[in-house]
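In what follows, every chain begins at residue 1, and chains take the letters A, B, ... in the order their sequences are listed.
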There are 2 protein chains.
Amino acid sequence: MKSRLFVASADIERETGFGRDQLRKWRQRFQFPPLEFTAEGKPGYSVNTVNRLRLVRRLLDGGFRPGYVVGKTLEELEKLHVAVSLSVPRVCDDESTSELIEQLKKADSAGFLKLLVKKRAKKTLLQFSRSVVAPLLKGLGDAWARGDVEIHHEHFCSFCIERYFHAQILRLKPKRGAPKILMALPPGEHHFLGLLMIEAVLAEQGAMTVSLGSDIPLNELKLAATSHNVDAVALSFSAAYPARDILPTLKHLRRLLPRRIPIWAGGATLAGIKNRPTGVSLFPELDGVVAALNDMVDQMSVR
Amino acid sequence: MKSRLFVASADIERETGFGRDQLRKWRQRFQFPPLEFTAEGKPGYSVNTVNRLRLVRRLLDGGFRPGYVVGKTLEELEKLHVAVSLSVPRVCDDESTSELIEQLKKADSAGFLKLLVKKRAKKTLLQFSRSVVAPLLKGLGDAWARGDVEIHHEHFCSFCIERYFHAQILRLKPKRGAPKILMALPPGEHHFLGLLMIEAVLAEQGAMTVSLGSDIPLNELKLAATSHNVDAVALSFSAAYPARDILPTLKHLRRLLPRRIPIWAGGATLAGIKNRPTGVSLFPELDGVVAALNDMVDQMSVR
DNA sequence: CGCGCTAATTTGTCACGGACAATTTTTGTA
DNA sequence: TACAAAAATTGTCCGTGACAAATTAGCGCG
């Protein structure tokens, strides 16, 4: 029996992060991925193909070149992958993290949330994000790479944390006269958690935050920024966001926004970017955002 | 002088919502949008073109066909648009709704949230959803069609309500022995609010809900359903979801899930669907979900 | 052996047009 | 008028060629 068909052609980008054009070129150059069809004749990709593509993604991220890995069989890819993943030892020996992951694997949703709240303890949201959430996400990513957890575990985990942050942000009251920050995800980005963490630490410092969520065209972002009369616009780029799109997006937004409104961009991937446009600040770490906010408050009080 | 701002080819989808393939076909068939190049020779779209495309988007949403509107000049499009927007009746009859919309237009984010909470008053989440949220969203849609509000107003509104619901759900405690429901958006669907409303009324009835958010492949949904050992899977289809994809998606999921797990689908668009697959329940109204939950509770207590 | 510089190769993005299926409109007929 | 068949409209996907950007390899020189 053939492997079950599962991903429609249109969904392949969401599933693997590779664009259709890219995959088409690979098919022409490396004879992979093949064209496949469901029993009803619709084009699509088999589970096997999708898995191979996911492994290719991992290996490309690990530094391999497409010509070397695309076209290899699942076995070859896996061999390569274990070789690589073994060479990167599990540094996430954080006991706290593995405890949370265990709870997730047991599918104990209530228990996970309770444990999460307990880990929060007396921490600020900033401390909580750095010492609990970030390691947990990293540990989950590694666990997924090892095959220890499934994708839905990651989704569920993110969702729980997002909800918790939503609730926490809602109960924070902005200080009088504090800056007003517009929060949004860049177009095409759907990973909320990063943005929520930024919003949480900003709100915790007393800033007034206004969030638009995802799927905002950049020109709408500009309209919102002026109509809300905000003091800054904050974006968040996840690791899944195509690195080559980051600078163009930022430059584009920079052109649209009036110069007096600074752009703050968060996300660990920004660490690798050297030359930022003027008027755009990059914050690979959460602390940077807090510092930027405090700078802004100082500026405002000086006047 | 030529218009100066250019949108890169790759960004056009985010800006207008039209895909590259689609625009290419339009260029081939209607000689619009033209291929343009920046001073440096990069391909892109001029502001004028982007504006025309945005108007086309509005008119298509209003029921026109591409062959009729694509290729018209900006002036012709605007004339058409005012003609149409005048015909959209100002059915903001509900005073409560227009009050909220006014608050949104003033970009008074804190005031909007406060007003929202006030409207909640002593209502249950179900009553709140039906009497406040749903009319508000409908009113906003109409206002957008008339050009009274911008897209970012809608986004901001949805986001505020979503956050409120998140917080409310988090404070609800499930009853002992109540059914466990897995909540998720179908692949490609990104409108959370509908799903959140369903989750809210379920949680309000004492059900235990487990939400995975969006972008879950259907097979992962199945894995999650079995590993969490849920009693039902609930999905939500927004009006933006392509109607022709609804039944295939539901059938696909039905094949994946064990028969004992019912599928509940919510969303106003489901009202138009006549023949549902067995084992799938369609709920165009929120009440239906509550009824289904109560039925399930009865079933369980009988045993 | 390291360091820069240039050439060659690899890789990704875009445009184009053909094929095709889904949908809507028009036409023909009872 | 009603309803079925035919025609058109429309969007999505595919393969291919062109091209620019990124990467690697080659090479001379200190």
Ignoring hydrogens and geometry beyond distance, is the side chain of A/K25 in donor-acceptor contact with the base of D/dG15 at under 3.5 Å?
no

Starting from the 5' end of DNA chain C, give me the residue, A/L60 or B/Q28, whose nearest nucleotide shows up first.
A/L60

Between A/Y68 and A/D21, just flag the one whose closest nucleotide in DNA chain C comes earlier from the 5' side.
A/Y68

Taking atom NE2 as the centre, does A/H155 end up with more than 12 heavy-atom neighbours from other residues, nucleotides or ligands that are less than 6.0 angstrom away?
yes

Does CD belonging to A/E76 count more than 12 external heavy atoms closer than 6.0 Å?
yes

Taking atom types as modelled, is there a side-chain donor on A/E189 or A/S236 under 3.5 Å from an acceptor on the other?
no

In terms of side-chain heavy atoms of [X], which of [options] is nearest?
X     : options                : result
A/Q22 : D/dG15, C/dA15, C/dG12 : C/dG12
B/R29 : C/dC16, C/dA19, D/dG15 : C/dA19
B/L35 : D/dG11, D/dG15, C/dA15 : C/dA15
A/R20 : D/dT9, D/dC13, C/dG12  : D/dC13
B/P66 : D/dG15, C/dT10, D/dG11 : D/dG11
A/R24 : C/dC14, C/dT11, D/dG15 : D/dG15

Nearest-Å distance, [atom1] ([X]) to [atom2] ([N])?
X     : N      : atom1 : atom2 : answer
A/W26 : C/dT10 : CH2   : P     : 16 Å
B/R27 : C/dG17 : CZ    : C1'   : 12 Å
A/R57 : C/dG12 : CZ    : C1'   : 13 Å
B/F37 : C/dC14 : CZ    : P     : 12 Å
A/F64 : D/dT23 : CZ    : P     : 16 Å
A/L23 : C/dG12 : CG    : P     : 10 Å
B/L59 : D/dT10 : CG    : C1'   : 17 Å

With a 4.0 Å cutoff (strictly under), does any side-chain N or O of B/R65 reach OP1 or OP2 of C/dT24?
no

Is B/S9 near enough to C/dT13 that one of its side-chain N or O atoms lies under 4.0 angstrom from OP1 or OP2?
no

B/K25/B/D21 ion pair, N-O < 4.0 Å:
no

Taking the side chain as everything from C-beta on, heavy atoms only, tell me whether A/F159 gets closer than 4.5 Å to B/L212.
no

With sugar-phosphate meaning primed atoms plus P, OP1 and OP2, does A/F18 contact a base, only sugar-phosphate, or nothing at under 4.0 Å between heavy atoms?
nothing

